[in-house]
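Below: the structure, in structure tokens.
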2 protein chains.
Amino acid sequence: MVTIYQVSELAGVSLATVSRVMNNNAKVSDKTKQKVLDAMAELGYQPNSIAQSLASNRSNSVGVLVSELHGPFFGDMMSAIEETLRHEGKHTIITSGHSDEQREKQSIEFLIGRKCDALILHAEAVSDEYLLELERRGIEFVLINRYIESLKNRCICLDNRQGGYLATQHLLNLGHRHLVYISGPLWKQDAQARLTGHKQALNEAKIAFTQAQLFEGDYRQDSGCKGLDYFLERGQKFTAIVCANDEMASGVMSRARELGIEVPDELSIVGFDNIIYASYLYPTLTTIDYPIYDMGKMAAYSILKTVYNKKEVQVTPVFVPQLKARGSSVYHA
Amino acid sequence: MVTIYQVSELAGVSLATVSRVMNNNAKVSDKTKQKVLDAMAELGYQPNSIAQSLASNRSNSVGVLVSELHGPFFGDMMSAIEETLRHEGKHTIITSGHSDEQREKQSIEFLIGRKCDALILHAEAVSDEYLLELERRGIEFVLINRYIESLKNRCICLDNRQGGYLATQHLLNLGHRHLVYISGPLWKQDAQARLTGHKQALNEAKIAFTQAQLFEGDYRQDSGCKGLDYFLERGQKFTAIVCANDEMASGVMSRARELGIEVPDELSIVGFDNIIYASYLYPTLTTIDYPIYDMGKMAAYSILKTVYNKKEVQVTPVFVPQLKARGSSVYHA
DNA sequence: AATGGAAATGTAAGCGCTTTCATTTATAGC
DNA sequence: GCTATAAATGAAAGCGCTTACATTTCCATT
């Protein structure tokens, strides 16, 4: 392995000088700089990043916590983060938390132990208190899709309330008056916010919302099926159903098909997230676009700015959801 | 930060002894071991993994190269790898290569620079030669879904040929006699192998295969649409279509729907991979199961065994694909 | 009790870098 | 040409660990 020492020898300078040209953080005359660069090239020198980290107390790595490594949503998020960071020579260590408090904590501590310079967290299950403690410990981090007032400058959020509002408003505009709602797990902040938006839209249209119109799902496909069954069994009257995410919407769709309910003619469906295969379904799914790719990128930018001193980037913390009207929702007389 | 030194002080032993109990790779008497453990607990000591790596020349990290960070296929693969490795205290650095030679190389070199102890590569675009060179350089790695004879003990493969065979055989068994095939990019090994299996099945059934029955796609949804159009325009007669992956199959399906072709009544479709949403489609997609999760796990095991000396694991390098018959393929008179 | 050898522990030299501080060299002012 | 100052470079001390080797301790023999 070729080390900085051999480069310095070949170039006829000291270790310190080689280090300086590598990091170009100090004055080095053009002449010596060139000598060093030549020596590096000649030897095919590659700095040892571990040694750099130990000496500089910088690992040039950022840790990412997602709920699941698979699934279209987190895939896009990871893509965005990895691309952005690698472009700056930083690397990404990815872990998953499975929406479970213990596992999320464990992953976060693991990343800290790995000496990540910063963390990007899609943390759903850990307490606000724990996150506040992280800040007290001096850990650098940003939160994706979680809002904590006292940590607001660390939050990259989608306005979920607005998203829920748009979804419902869309159906209302199409003439639907009897809606039901399949939510995500209500202990999750985003699930609550989306539901709040839904209620707000109903309220503005002077339509009452009752518990009977709500089914609490778990964001998985299967709970879409269950939700539809639930409403049907109870004899609930509805012409449209809004789902707190696309997976559940797809569940509703396939269950409806099994039951011989025509979508969208007899039942309009709206999802949330705009995951890639929302547009592969039949009928194509009307949904709320969640710009997760851009949000991942923004999280990475935010880290680059605060931790790695890239001054020029501009961080916009709040994203606005948009309606994607497609085939699964139609006008109701 | 609490270091090994402070632990040694509190425990009243030397640095070396503390290091020994941490790694428990040398005899330490039970009494002193306990003293050290107590001291660690009292101080809340966390070893500095960077320093460990530098001193031991082990980073306890393994690098993973996938084509894309998003997408159901790679998601499952990453999940499997990360879970398996983390269970053993190793960590995973993930990069993407986008099926492009330059980017794949760059990613691999990046991982090597990060001092990964081993690499798990889903490398499609780099040459065999380059991979052989990696071996010469002494880099530890395993290949997922790529077979190179002289590297065969490093290959975790699916029998793609057999998969292609099964897909076609299934349609043949259903009575179809006029098939067309949408392949992946034929420079990719798996695309070739799947096609070979297809031809073999046709051959056994004494059905001729001509170039006119082949469309070379790119594994993306859109090329499914294109492929269907291609065959239709040419007036090709066919009652079934086999696609080299599910995404293209889904493309065929949606294009067929646009054109008013009934699936499966007028056209049977078979995919490949069994990605999660193959079963969300309508009709549900008949496909070949690609046990990527298990293969990812196996790759991780293989690393654990050869690099980290976990003796007890058993490595099975070749996986056998299986047919998942579902709604998109039916009997043809 | 003396002895030898194994077991336990300690000493200290790195691992390959960064960075402070000291020293040398260049630049300018007179 | 000589100093005063700034710019460039070098020397060396770490960063927090591992590990080869040296030393001490312990126990079983005799």
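Naming convention: chains lettered A, B, ... in sequence-line order (proteins, then strands); numbering from 1 in each chain. Here the structure is a predicted model, which means the values were calculated and not measured.
Atoms NZ (A:Lys115) and P (D:dG16) sit 9 Å apart, rounded to a whole Å. When rounded to the nearest whole Å, the span between CD of B:Gln6 and C1' of D:dC15 equals 14 Å.
Between A:Glu109 and A:Arg137, at least one side-chain nitrogen of the basic residue sits less than 4.0 Å from a carboxylate oxygen of the acidic one, meeting the salt-bridge criterion. Between B:Lys152 and B:Glu149 there is a salt bridge, since a side-chain N of the basic residue sits under 4.0 Å from a carboxylate O of the acidic one.
When the shell of 6.0 Å around CD of B:Glu129 is examined, it contains more than 12 heavy atoms from other residues, nucleotides or ligands. Crowding of B:Gln46 atom CD: a count of heavy atoms from other residues, nucleotides or ligands under 6.0 Å not exceeding 12.
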> Quick one: what's the B/S/- string for nucleotides 18-27 of chain C, heavy-atom cutoff under 4.0 Å, read 5' to 3'?
Replying inline: BBB-------
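Checked by atom type, the side-chain pair B:Glu124/B:Ser99 shows a donor-acceptor distance below 3.5 Å. At a cut-off of 3.5 Å, with distance as the only test, no side-chain donor of B:Asp30 or B:Gln34 sits close to an acceptor on the other residue.
Side-chain N/O atoms of A:Tyr5 include none lying less than 4.0 angstrom from OP1 or OP2 on C:dG14. Considering only side-chain N and O atoms, B:Thr3 lies nowhere under 4.0 angstrom from the phosphate OP1 or OP2 of D:dG16.
Comparing B:Ser14 and A:Tyr45 by the nucleotide of DNA chain C that holds the closest heavy atom to each, the one mapping nearer the 5' end is B:Ser14.
Of the candidate nucleotides C:dC15, D:dT9, C:dG10, D:dT9 has the atom lying nearest to any side-chain atom of A:Ser29. Side chain of B:Asn48, nearest nucleotide from D:dT9, D:dG16, C:dT9: D:dG16.
Backbone-only contact: A:Thr32 has heavy atoms under 4.0 Å from sugar-phosphate atoms and none from a base.
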